[in-house]
Structure formats: structure tokens, C-alpha cells
There are 2 protein chains.
Amino acid sequence: MATIGDVASEAGVARSTVSAVLTGRKFVQPETRARVEAAIAKLDYSVNSGARALATRRTMNLGLVVSFHGLEFSPALATYIFAITDAAREHGYGVLLLTQPDGVAAVRHAIATREVDGLILMSVTEDDPRIEAIAAAGFPAVLIGMPEEARGLDAVDLDFAGAARKLVKRLADAGHDRITFVTWPDDVYESRRTFALRFRDAALEAAARLGVELHVVPCSAEPDEALGALREILRDDEAPRALLVHNDAAVAFLPLVMHELGLQVPADHSVVSLYSSELGRLYALPYTAVESEPEHVATLAVEALVRRLAGSGAPNGAATLVAALLTERSSVAE
Amino acid sequence: MATIGDVASEAGVARSTVSAVLTGRKFVQPETRARVEAAIAKLDYSVNSGARALATRRTMNLGLVVSFHGLEFSPALATYIFAITDAAREHGYGVLLLTQPDGVAAVRHAIATREVDGLILMSVTEDDPRIEAIAAAGFPAVLIGMPEEARGLDAVDLDFAGAARKLVKRLADAGHDRITFVTWPDDVYESRRTFALRFRDAALEAAARLGVELHVVPCSAEPDEALGALREILRDDEAPRALLVHNDAAVAFLPLVMHELGLQVPADHSVVSLYSSELGRLYALPYTAVESEPEHVATLAVEALVRRLAGSGAPNGAATLVAALLTERSSVAE
DNA sequence: CTGAAAGCGCTTACAG
DNA sequence: CTGAAAGCGCTTACAG
């Protein structure tokens with residue numbers, strides 16, 4: 001492997017001059033620059049990223065802290081991971097996957113060893129212990145989620161509260177005054193995942209305001225259990241004819257269970273939901289829904305982190321909510 | 001951030017002594033070691049991974065080369081990514097996601113800048129151009145897939161040929177002499193993805209040997225197109241009553257289409273397939289199938305790469321096939 | 001505008 | 001068994 005010294009002797013200049021053309025932070029005489037570039041090409045030289053990282057104190061890598069040993073429905077998670085990696089690359093950053101089951105340990109280790117310049121946290125909960133570990137170290141980071149107290153960190157997420165209001169209103173406007181709200185299982189709420197809490201609270205508030213009865217039905221996020229739960233919900237003839245579904249597994253299996261029971265949308269049931277277009281694609285979902293836009297959220301999160309790494313972030317951290325957009329798919333009876 | 005020098009002065013020893021206790025490659029007097037460890041704890045010191053990488057010439061990171069802008073069905077890909085990351089961590093390695101659309105560029109860049117110690121390649125094709133780039137550089141790498149010519153690289157994959165033989169035989173043994181083979185679309189074959197070719201060729205060979213008619217029906221891997229293709233296949237009353245499905249999107253939507261058309265398994269159709277248990281879980285698949293075992297394959301791939309990084313790999317590369325195991329789920333009419 | 005020197009924070013022969 | 005020195009391959013003030 002050629003080093004910067006080899007290039008310097010080949011071009012007949014000092015190492016610092018080669019470095020100047022490499023980093024582009026200094027003006028170099030065009031003729032000198034041409035000689036250096038020729039030497040680089042001839043020796044097939046590339047800068048050693050580790051050495052550069054040591055000298056600049058920047059690794060140009062971001063750490064993505066994500067644990068999939070938990071309550072996650074993997075198709076949704078994967079979409080975020082891919083979108084974040086793409087967005088990071090656009091800004092010249094690589095992504096290191098930090099997947100220890102213990103997120104606090106992952107965060108502490110990454111910060112202490114300086115193997116990344118900043119952190120992106122997925123699956124954020126209210127009073128997430130990882131936030132404290134990051135804030136205490138004063139390390140650059142961005143949250144995907146909206147905890148009550150971000151401790152000065154940037155946070156980005158879909159406006160789940162706005163989404164809930166829009167969806168409830170959509171059903172109410174169509175004349176439904178009783179709605180079954182198929183939501184996450186109790187353990188998601190117990191773990192205080194922020195998206196679930198924000199959606200639920202806003203849905204309840206909107207329903208009360210609009211004079212709509214909301215029947216909250218927790219449903220497992222485990223595929224096979226969700227399947228069973230849906231059968232039970234839909235077999236009940238007394239139940240409302242309108243479904244508000246916020247649970248990826250439940251909405252994924254809804255078409256199958258509808259077919260099993262011979263039910264039609266919107267003739268038998270109106271359905272509205274919230275999911276990513278990728279989930280919609282993977283399960284061919286035909287429902288009027290707010291799209292969760294993981295690509296959009298991921299892009300904004302990476303941009304916020306990059307801005308902070310450049311020293312130009314808001315001093316006390318900024319919260320960015322992506323507006324909820326409703327896509328009509330004719331699954332609501334008018 | 002404390003450095004090794006700070007620890008040395010705190011403990012009253014030389015930096016090299018601190019390094020000796022850190023790496024554990026040298027015997028240090030227990031009493032000295034205790035002093036060093038106390039200093040480390042007091043200063044909350046962690047080794048700077050970049051500096052260590054520069055000195056040792058090992059980053060302790062692996063690069064995972066994967067592109068999801070292609071023909072992939074993302075749930076399956078995600079399972080591999082997670083399994084590889086977990087396996088790497090068990091061996092003390094981190095995983096850097098290398099997802100450029102241009103895989104050759106990704107490989108070249110990673111090798112040239114030395115940002116990883118070794119590479120793991122997903123979605124390997126026959127005469128994959130990435131293989132040549134790696135072999136030319138003599139860089140440590142492992143393939144997930146089985147190309148005709150691995151150029152000295154290690155390769156790991158499920159025994160897709162064995163899987164195909166088992167599945168065809170299962171249907172033949174149950175008395176089926178005509179089988180519809182729902183397989184990947186033409187572009188998967190044109191891109192020469194090794195798993196598709198090996199499965200198809202073995203299926204055709206086994207059918208010929210057993211005197212079974214195999215009707216090869218390509219099916220899109222795009223969810224919505226797969227849905228339409230399945231409807232067409234299953235509406236044909238003249239078609240065989242046995243299905244061999246090797247296409248994640250097709251098998252994922254099979255339960256839905258069966259319900260739509262009022263068809264039962266195995267009463268109306270026998271079905272056998274090949275998919276990961278994770279895909280089976282995400283889509284609640286009820287079919288007798290060979291499991292593709294991404295976790296097993298990922299673990300073996302990481303182990304092969306780690307072995308090579310330790311200098312103890314087979315000189316000319318080794319190919320490891322994971323045996324195909326059939327799981328019965330009563331989807332074959334006897 | 002270019003170059004010599006110091007420094008980033010480690011590890012590893014090599015003396016002692 | 002411990003320590004002083006050199007080196008990993010860069011970048012960045014600082015002179016000239």
C-alpha cells in the first residue's frame with residue numbers, strides 16, 4: 001500500500017503538500033497539484049482512513065444504535081436502516097451498526113472508544129436511559145422519536161399526534177361514531193415507546209372532542225398472535241364498523257383475515273391506518289392511511305446530526321416533526 | 001478524554017506497560033497490573049480505537065457489502081444483516097454497512113482506504129465483478145452464495161440444490177406427477193444470482209429423474225405483481241395440483257390468494273417451498289418447507305472470515321454448504 | 001505558495 | 001519484568 005510519503009517523493013514535493021491537495025483546504029499551485037495528482041494515480045494511492053481519523057479526530061462514521069431483539073416488526077426497521085445509511089453516505093459518512101441488546105452499553109462503548117463521530121438512536125422511549133448516557137458525555141447524537149425530555153439532543157420523528165387526529169377525523173367525517181382502535185400491546189406502552197404514546201393520546205383526545213366512541217383494543221405485534229387477535233376482533237358482530245389500526249403486524253394481516261371471514265372494505269368495515277409505503281408494498285395494503293415516511297425521517301435525522309457535527313446545530317437541540325399526510329385508498333364508507 | 005499517557009503517569013509506569021495490560025499480550029507483575037487497572041478506572045479511560053487501529057493495522061470492523069436497490073425482498077435481507085452483525089460482535093468485530101449501488105466501487109473504496117479488515121458479500125452472482133476486485137487485491141473476504149469460480153475466496157450458503165431435490169421428491173413421493181414450479185422472474189436469472197440457478201437446475205434434474213412434469217412459471221418478486229401472477233396461476237383449472245414455490249414474494253402472498261379463490265391446502269393444492277423461518281413468521285406461512293436458515297449461514301460466513309483474518313483459513317478458500325432440512329407442516333396431500 | 005516538524009494515541013521490538 | 005524509542009500514516013500550525 002502506497003503512503004502519502006511515497007506520493008510525495010514520486011511527485012518531488014513535501015508530504016504536507018500532498019496532504020494539501022488531498023484535503024483541498026489550501027491553495028496549491030496548479031502545476032504542483034497536477035504533479036501530485038499524477039503521482040497519486042500512478043501509485044494508485046488512497047488515504048488511509050484510520051490515520052486520517054487519528055489526525056483529524058473525526059472518523060467520518062456514524063453509529064446507528066438499534067436493537068431488534070425487542071418489540072420490533074422487522075420490515076419497518078429495515079427500511080429505516082437502509083434509509084439512514086443512504087442519507088449518511090450522501091454526506092460522506094459511513095454507518096456502523098450498534099446492535100447490542102444493552103443500548104446503554106453500546107452507547108457508552110462507542111463514545112469511549114471514539115469509533116464514531118455521532119450517534120443515531122432508534123426506538124426511543126420516554127426517559128430512555130441512552131439519552132442520559134449521551135447527554136452526560138456531551139456527545140453529538142440525534143433521536144428518532146420524541147421523548148418528553150431530549151436533554152439538548154436533536155430529535156426527529158413523524159407527527160404521530162397529528163396523524164392520529166387526521167385519521168380519527170377522517171372516520172368521524174364519514175359518519176362513524178364508534179371506532180375500534182387496534183393498537184400496540186401493553187408491553188409497547190409499558191416500555192414507553194414515544195410514537196405509541198403520542199398517537200394514542202392524540203387519538204383519544206380527538207375522539208372525545210369529536211364525540212366519537214373509541215374502543216381501544218391492544219393487539220400483539222407478534223405476527224401469529226396478531227392474526228388470532230384480529231380474528232377475534234372481526235368476528236364480533238356488535239363491534240364498531242370502523243377500524244383505526246396502529247400496529248404494523250395487525251394491519252399486515254388484516255387483508256388475510258378479512259378474506260377468511262368474507263368481509264369487504266369498505267362495505268363491511270371502514271379501515272384507516274398508519275404505516276410506511278414499504279410495509280404497504282410488502283403486504284399489498286389497500287387502506288387509506290397516513291404514511292410514516294421512514295425515508296423522510298431518516299434524511300432529516302442524518303441532516304440534523306451532520307449539522308451538529310459541523311458545529312452549526314441549535315445550541316439546545318431542536319425537535320423536528322414531519323407532517324402527517326393522508327393517502328386516500330377508498331377504504332372508508334361514505 | 002484520558003489517553004494512555006495519562007494512565008501511565010497516574011499509575012507511575014511507562015505507557016508501554018499500560019499497553020501491555022490493555023492488550024494482555026505480555027505478562028505484567030500482578031501488583032503493577034493492579035495499579036494500572038486502578039488508574040484506568042479512576043480516569044475512566046478507554047483505548048482510542050482509531051489509534052489502536054493505526055498501530056496494529058487492524059480496524060476490528062468488517063464491511064457488509066449489500067445493495068437493496070435491486071431485486072431483493074427486504075424482510076429476508078434484513079434477517080441476514082442482523083444475523084451477521086450479531087455473529088461479528090461475538091468475535092469482537094463491528095459491522096460497517098457498505099451499500100453503494102455500485103458494489104465494485106464499494107469494494108475498491110473499502111479496500112483502498114483500509115476502513116475494514118475484511119468483507120462479507122451478499123447477493124453474489126455467477127461471475128460477480130466484486131469477486132475479481134477482491135481477489136486482485138488479495139483482500140480477506142467471504143461470499144454468501146456459491147459462484148462457479150470463487151477465486152480463492154471462502155463461500156458459504158444453503159445447499160439450494162439439495163433443497164430442490166428434497167422438495168421435488170417430497171411431492172413425487174406423495175404421488176404428484178405434475179408440479180407447477182413458481183420461481184423467480186427472468187431478471188433474477190439474468191443477473192445470475194447463484195441461489196436461483198442452483199435451485200432451478202437441481203429441481204429440473206430431480207423431476208426428470210423421478211419422471212415428474214415440472215411446469216416452470218416465473219413470477220415477479222415485486223409484491224403487487226406477484227399477487228397478480230399468483231391469481232393467474234391458481235385460477236387455471238388445468239394446472240397441476242402441486243406447487244413448488246421458490247420466490248419469497250410469491251410464497252408470502254400465497255395464503256391471501258388461496259383465501260380469495262376459496263382454495264384449501266392441501267385439499268385443493270399441495271404446496272412446498274423454501275423460505276426463512278423469519279419470513280414464515282412475518283407472513284404466518286403454513287407450508288411444508290426447507291428453511292433457508294440465514295442465521296446459520298451468517299454465523300458460518302463470519303466464522304470463515306474471522307478464521308481467515310487470523311491467518312488460519314484454507315489456502316485456496318473453502319466452500320461450505322448448509323444442509324437443507326425439510327420441516328413438515330401438512331401442506332402436501334398424501 | 002511550499003516544506004520541516006510536531007502531534008494525533010496507540011503498539012511493538014529492543015534494551016536494560 | 002519494565003521502560004525509552006521508534007513507528008503506524010496522516011494533518012496542521014508555523015516558518016520561510
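Chain letters run A, B, ... following the sequence lines, proteins first, then strands; residues in each count from 1.
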Nearest atoms (heavy-atom pairs only) where B/G118 meets B/F139: CA-CE2, 3.7 Å
Heavy-atom side-chain contact between B/V302 and B/E90 under 4.5 Å: no
Non-hydrogen side-chain atoms of B/L300 and B/V142 separated by less than 4.5 Å: no
Heavy-atom pair with the smallest gap, counting every atom of B/D127 and B/R192: OD1-NE, 3.6 Å
Close side-chain approach of A/P140 to A/D117, heavy-atom, < 4.5 Å: no
Pairwise side-chain contact, A/N61 with A/V116, heavy-atom cut-off 4.5 Å (strictly under): yes
Side chain to side chain, B/V306 and B/Y93, heavy atoms closer than 4.5 Å: yes
Within 6.0 angstrom of A/R108 CZ, more than 12 heavy atoms from elsewhere: no
Heavy-atom side-chain proximity of A/I81 to B/F82 below 4.5 angstrom: yes
pair B/I84-B/M122: side-chain heavy atoms closer than 4.5 Å: yes
Backbone N/O of B/A11 and side chain of B/R35: donor-acceptor pair under 3.5 Å: yes
Exercise answer: donor-acceptor pairs, residues 17-32 of chain B side-chain atoms, under 3.5 Å, sequence neighbours excluded:
from, atom 1, to, atom 2, distance (Å)
B/T23, OG1, B/S19, O, 3.1
B/T23, OG1, B/R25, N, 3.4

Stretch residues 29-53 of chain A: residues that reach within less than 4.0 Å of DNA chain C through a heavy atom: A/Q29, A/T32
Close residues, residues 107-115 of chain A, relative to DNA chain D [heavy-atom separation under 4.0 Å]: none
Any A/E295 side-chain heavy atom under 4.5 Å of A/T79 side chain: yes
Over all atoms of both residues, closest heavy-atom pair of A/D6 and A/M1: OD2-O, 4.2 Å
Sugar-phosphate, base or nothing in reach of B/S19, heavy atoms under 4.0 Å: base
Close residues, residues 1-15 of chain B, relative to DNA chain C [heavy-atom separation under 4.0 Å]: B/T3, B/I4, B/R15
Over 12 foreign heavy atoms within 6.0 Å of NE2, A/H109: no
Boundaries of the DNA chain D segment in contact with chain A, non-hydrogen, under 4.0 Å: D/dG9 to D/dC14
Given DNA chain D, 5'-ward residue of the pair B/F27 and B/R57, judged by closest heavy atom: B/F27
Canonical and wobble pairing (Watson-Crick, G-U, under 3.5 Å) of DNA chain D, dot-bracket with |: |||.||||||||.|||
